[in-house]
Amino acid sequence: QVRLMESGGGLAQPGGSLRLSCAASETSRPISSMGWYRQFPGRQRDLVADITTYGITNYADAVKGRFTISNDNTKNTVTLQMNSLRPEDTAVHYCNMKIHSGGPTGYFRDTWGQGTLVTVSS
């Protein structure tokens, strides 16, 4: 079972920056995309940004121009640089990777990190 290990997050002031990082516990299985989602209290988990192994990125409108996602396919890591943070960015952020389940009939399935809290407050 591949595990995702997240780091970063914590408290930032409005206008500040934080950096989230995530690494897969093993690197032998193909990964089709990596990304970050966030969840506000009482809400479903929503996409913040994702990136394919070819480097194609996708951002939620709320974070465009402020957040940057990057990855390292050789190390199976993904990073989210968050700048110009706002109080409304406060949420639990989850790393996601679509990792192949293995075998000839395998498929790319969602694998999640445990979540890291980002709090933006003065």
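Cluster annotation: Leu47 is not connected to Met97 through the hydrophobic network of ILVMFWY side chains, with a link wherever side-chain heavy atoms come within less than 4.5 Å. Follow the hydrophobic side-chain contacts under 4.5 Å out from Tyr59 and you reach Leu20 in the same cluster. Both Val118 and Val63 belong to a common hydrophobic cluster when Ile, Leu, Val, Met, Phe, Trp and Tyr are linked at side-chain heavy-atom distances under 4.5 angstrom. Val2 and Val78 fall within the same hydrophobic cluster, where Ile, Leu, Val, Met, Phe, Trp and Tyr residues are linked whenever their side-chain heavy atoms come under 4.5 Å apart, directly or through other members. Phe108 and Ile31 fall into different hydrophobic clusters, where Ile, Leu, Val, Met, Phe, Trp and Tyr side chains are chained together by heavy-atom contacts under 4.5 Å.
With values rounded to the nearest 0.5 angstrom, Asp72 atom CG is found 4.5 Å from Thr77 atom OG1. Distance CD1/Ile99 to CZ/Arg29: 8.0 Å, rounded to 0.5 Å. For the atom pair CG of Leu85 and CG of Leu18, the computed distance is 5.5 Å after rounding to the nearest 0.5 Å. Annotation: the span from Ser32 atom OG to His100 atom NE2 amounts to 9.5 Å, rounded to 0.5 Å. Distance check, rounded to the nearest 0.5 Å: CH2 of Trp36 to OG1 of Thr79 gives 8.0 Å.
Annotation: side chain to side chain donor-acceptor pair (under 3.5 Å) contacts of Ser122 (sequence neighbours excluded): none. A search for salt bridge (charged side-chain N to carboxylate O under 4.0 Å, His left out) contacts involving Asp89 returns Arg38, Arg66, not counting sequence neighbours. Applying the side-chain contact (heavy atoms from CB on, under 4.5 Å) test to Glu88 and every residue at least two apart in sequence or in another chain returns Arg86. For the salt bridge (charged side-chain N to carboxylate O under 4.0 Å, His left out) test, no residue two or more places apart in sequence or in another chain qualifies with Lys75. Under the side-chain contact (heavy atoms from CB on, under 4.5 Å) criterion, Asp110 pairs with Asn96, Lys98, Trp112, sequence neighbours left out. Applying the ring-ring contact (aromatic ring centres under 6.0 Å, His included) test to Tyr107 and every residue at least two apart in sequence or in another chain returns nothing. Taking Phe67 as the reference, nothing meets the ring-ring contact (aromatic ring centres under 6.0 Å, His included) condition, with sequence neighbours excluded. A search for side chain to side chain donor-acceptor pair (under 3.5 Å) contacts involving Gln1 returns nothing, not counting sequence neighbours. Annotation: side chain to side chain donor-acceptor pair (under 3.5 Å) contacts of Ser121 (sequence neighbours excluded): none.
Of all non-hydrogen atoms in Asn71 and Thr53, the two that sit nearest each other are ND2-CA, 4.4 Å. Taking every heavy atom of both residues into account, Gly106 and Ser101 meet most closely at CA-OG, 3.2 Å.
Between Cys95 and Met5, every side-chain heavy-atom pair lies at or beyond the 4.5 Å cut-off. Between His93 and Tyr37 there is no side-chain heavy-atom pair separated by less than 4.5 Å. Here the side chains of Leu80 and Thr68 are not in contact, with every heavy-atom distance at 4.5 Å or above.
Applying the side-chain hydrogen bond (donor to acceptor under 3.5 Å, both in side chains) test to every pair with at least one member in residues 9-20, sequence neighbours left out, gives these pairs: Ser17-Asn83, Arg19-Gln81. Residue pairs meeting the salt bridge (charged side-chain N to carboxylate O under 4.0 Å, His left out) criterion with at least one member in residues 40-53, sequence neighbours excluded, do not occur. The stretch residues 27-70 participates, sequence neighbours left out, in no disulfide (SG to SG under 2.5 Å) pair at all.
Within the 3.5 Å criterion, the main-chain N or O of Arg3 finds a donor-acceptor partner in the side chain of Ser25. For Thr116 (side chain) and Gly8 (main-chain N/O), a donor-acceptor pair under 3.5 Å exists by modelled atom type.
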